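Reviewing the structure listed below.
Predicted model, so just to flag it, every value in this text is computed and none were measured.
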Amino acid sequence: MLLATAAELASIQAGVYPAAGVAPALSFGTATNTNGALYLLIGGRLYISDENGPFQSADGRRWAMSSMDSVGGRPILVFATGQSNMLGHSVTSGDRRTINGQVWVWEQIPGAGQTVGWKLAGPDSPDWPFVSTGNNLAYHFCDMLQRATGRPVYLVMHAAGGQPIAEWLPGGGGVAGATGHMFSTCNAALTAARTATLPTGGTLASWGVSRADYMLWHQGEADADYRGTTGAQWIQRFRSMVATMRDPASGGSSADPFIGTHAPVLVGELLHGGTSDGQPTDDRNAEIARLDREEPLVASVSSRGLGSLDNLHFTGAALQEFGWRYFARLGVFPKRVPDESNVEAVRIAGRLTRLRGLTGSIAAGTDHTVTLPVAMANAGYVPALTLLNHGASTPYPPILGTRTTTSFVIRNTGGQNMTVAWSIVDLAAT
């Protein structure tokens, strides 16, 4: 299926926006942004560049449809929360975006001369909710989301420094010393925002928006230091928090749901090589990576290479880049859990064009057989193999073994377990 003509793609690649019949086409970040990607919005559908994608443009580039289509033509609601790195600060450096006239933030605690309600958001506004701050990564995420979809984006953000994850559980989740005040205040902000008049008219409730479409999370420093939360405890509390935000009754709360049942949750890494009260923040990053591997609706966002003010907090330029990286990670959804039963077949106009799936953990020194849901016409197909996780400091590749028309073998010849994503495109299946 062709998405654009060669002339249109040439215009896009030259950075001329919009190209005829394609509006807008976006690239973002800089040469140092390792999570960069090219997006196209065509006929209300958003596509992300993907070398294994089922769609092909006239110049041979391949594309996959982005999950960002799922929110429909209504306003988009983003919920952001966490500690001080999510709250941000007013220190700026490097590139700075102009105010986007279609990104709005909920003002819960107004400053002098202001009132509670929706206000125009900006990357370096002195009047973010709760404290005088700015250069917030959530704004930069919302800015890119709005530019990519053309829809108004509404951001409800509540973040506070020094808070352990238990404070996002109702009543503190039974953790000694925790009260759950972050859960309560986030709930209060979302409740008020749903029924407040929107600058674009109506209310979120009148548009049928009762739950956030996306959740942005950045937290973990407080649990890495003197509070002594173990890695297993942090992961368990994170999972409980997200489950409760999707279904508060499951956590013993009478609140309305914070986020949609299938809303993606984006989790930013802590500063690489940083410390919190003498404890390494990289320990928490290992747990964030585990959530990415194991949770189909959670994706980690790399902080590698981002600058720091004090070996804990990110610089202004880093927060801008971090917001773009959060946005880029939307391209991984929908994900599949590492279970061989989750094999996806993509059909275009009735023709099978792609198979893809994830293996479970392949033990060191063993072979793993993938059974295909349909038989291939011959054994000449070549699955693309992508290493998702491994236990070695130096990655080693999975090796393609024997292929038949109904199965193929992935060989793990290294010394550590691995999980592998595989895909077969341009099929000639029987």
Side-chain angles (χ1 to χ4, degrees), residues 70-71 76-83 85-87 106 108 129-130 138 154-195 204-205 208-224 227 229-268 284 287-288 290-301 326 333-335 337:
S70 62
V71 296
I76 300 171
L77 178 59
V78 176
F79 171 53
T81 188
Q83 290 184 230
N85 272 319
M86 177 59 78
L87 187 63
W106 178 251
Q108 178 80 351
F130 310 105
Y154 289 87
L155 169 65
V156 175
M157 188 196 74
H158 178 35
Q163 304 302 308
I165 196 170
E167 295 297 350
W168 279 267
L169 298 174
V175 177
T179 64
H181 70 92
M182 292 299 292
F183 181 89
S184 299
T185 49
C186 286
N187 178 50
L190 284 164
T191 299
R194 290 185 189 103
T195 56
L204 289 173
V209 181
S210 61
R211 309 178 183 195
D213 299 294
Y214 305 103
M215 176 177 168
L216 314 183
W217 173 258
H218 195 280
Q219 188 276 342
E221 296 92 344
D223 293 292
R227 302 178 196 274
T229 305
T230 67
Q233 287 173 330
W234 188 85
I235 287 176
Q236 184 276 323
R237 291 169 189 172
F238 176 89
R239 287 172 166 156
S240 178
M241 173 193 71
V242 172
T244 301
M245 288 180 174
R246 296 191 196 278
D247 178 16
S250 69
S253 171
S254 60
D256 290 328
F258 288 23
I259 61 177
T261 303
H262 302 291
V265 178
L266 298 161
V267 181
R284 189 66 66 238
E287 289 134 22
I288 292 171
R290 176 181 167 186
L291 288 171
D292 187 297
R293 294 193 302 269
E294 297 178 358
E295 297 290 333
L297 292 173
V298 175
S300 64
V301 184
Y326 269 72
F333 296 105
K335 291 168 59 178
V337 295

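F238 places a side-chain heavy atom less than 4.5 Å from the side chain of V267. The shortest side-chain heavy-atom distance between L87 and M157 falls under the 4.5 Å cut-off. Between S210 and P257 the shortest side-chain heavy-atom distance does not fall below 4.5 Å.
A side-chain donor-acceptor contact under 3.5 Å links Y326 to the backbone of W217. Without hydrogens or angle criteria, Q163 side chain to G161 main chain gives a donor-acceptor distance under 3.5 Å. Under a 3.5 Å cut-off, the side chain of T244 and the backbone N or O of S240 do form a donor-acceptor pair. One N or O on the side chain of Q83 and one on the backbone of E221 form a donor-acceptor pair closer than 3.5 Å. A donor-acceptor contact shorter than 3.5 Å links the side chain of D292 to the backbone of S300.
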Solution key, residues 165-173 side-chain donor-acceptor pairs under 3.5 Å, sequence neighbours excluded:
from, atom 1, to, atom 2, distance (Å)
E167, OE1, T179, N, 3.2
E167, OE1, T179, OG1, 3.3
E167, OE1, G180, N, 2.8
E167, OE1, H181, N, 3.2
E167, OE2, T179, N, 3.4
W168, NE1, T81, OG1, 2.8

Show your reasoning for whether side-chain contact (heavy atoms from CB on, under 4.5 Å) applies to F79 and L190. CA-CA 8 Å; F79 171 53; L190 284 164; 4.1 Å; yes
Go through the steps to decide whether T230 and Q233 satisfy the test side-chain contact (heavy atoms from CB on, under 4.5 Å), and finish with yes or no. CA-CA 5 Å; T230 67; Q233 287 173 330; 3.1 Å; yes
Can you check side-chain contact (heavy atoms from CB on, under 4.5 Å) on L77 and D213, steps first, answer last? CA-CA 5 Å; L77 178 59; D213 299 294; 4.1 Å; yes
Between V265 and I259, is a side-chain contact (heavy atoms from CB on, under 4.5 Å) present by the stated rule, with each step listed? CA-CA 9 Å; V265 178; I259 61 177; 4.1 Å; yes
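In plain terms, the two heavy atoms of G220 and W234 that are nearest each other are CA-NE1, 4.0 Å. Of all non-hydrogen atoms in V78 and A212, the two that sit nearest each other are C-CB, 4.5 Å. Nearest heavy-atom pair, A80 versus M86, reported as atom, atom and distance to 0.1 Å: CB-SD, 4.0 Å. Across P164 and G162, no two heavy atoms sit closer than the pair CD-O, 3.7 Å.
S250 OG to M245 CE: the interatomic distance, rounded to the nearest 0.5 Å, is 11.5 Å. To the nearest 0.5 angstrom, M241 atom CE is 9.5 Å from C186 atom SG. A distance of 9.0 Å separates CG of L204 from OG1 of T195, quoted to the nearest 0.5 Å. Summarising the geometry, atom CZ belonging to R290 is positioned 8.0 Å from atom CZ belonging to R293; distances are rounded to the nearest 0.5 Å.
Ring geometry for F258 against F183 counts as parallel: the plane angle stays under 30°, on a 0 to 90° scale with 60° as the upper cut.
Applying the salt bridge (charged side-chain N to carboxylate O under 4.0 Å, His left out) definition to pairs two or more places apart or across chains, those involving residues 236-256 are R239-E294, R239-E295.
Side-chain N/O atoms of T261 and R211 include a donor and acceptor closer than 3.5 Å. In this model, no donor atom of one side chain and acceptor atom of the other lie less than 3.5 Å apart for Q219 and N85.
Residues satisfying the side chain to side chain contact (heavy atoms under 4.5 Å, CB included) criterion with T191, sequence neighbours excluded, are N187, R194.
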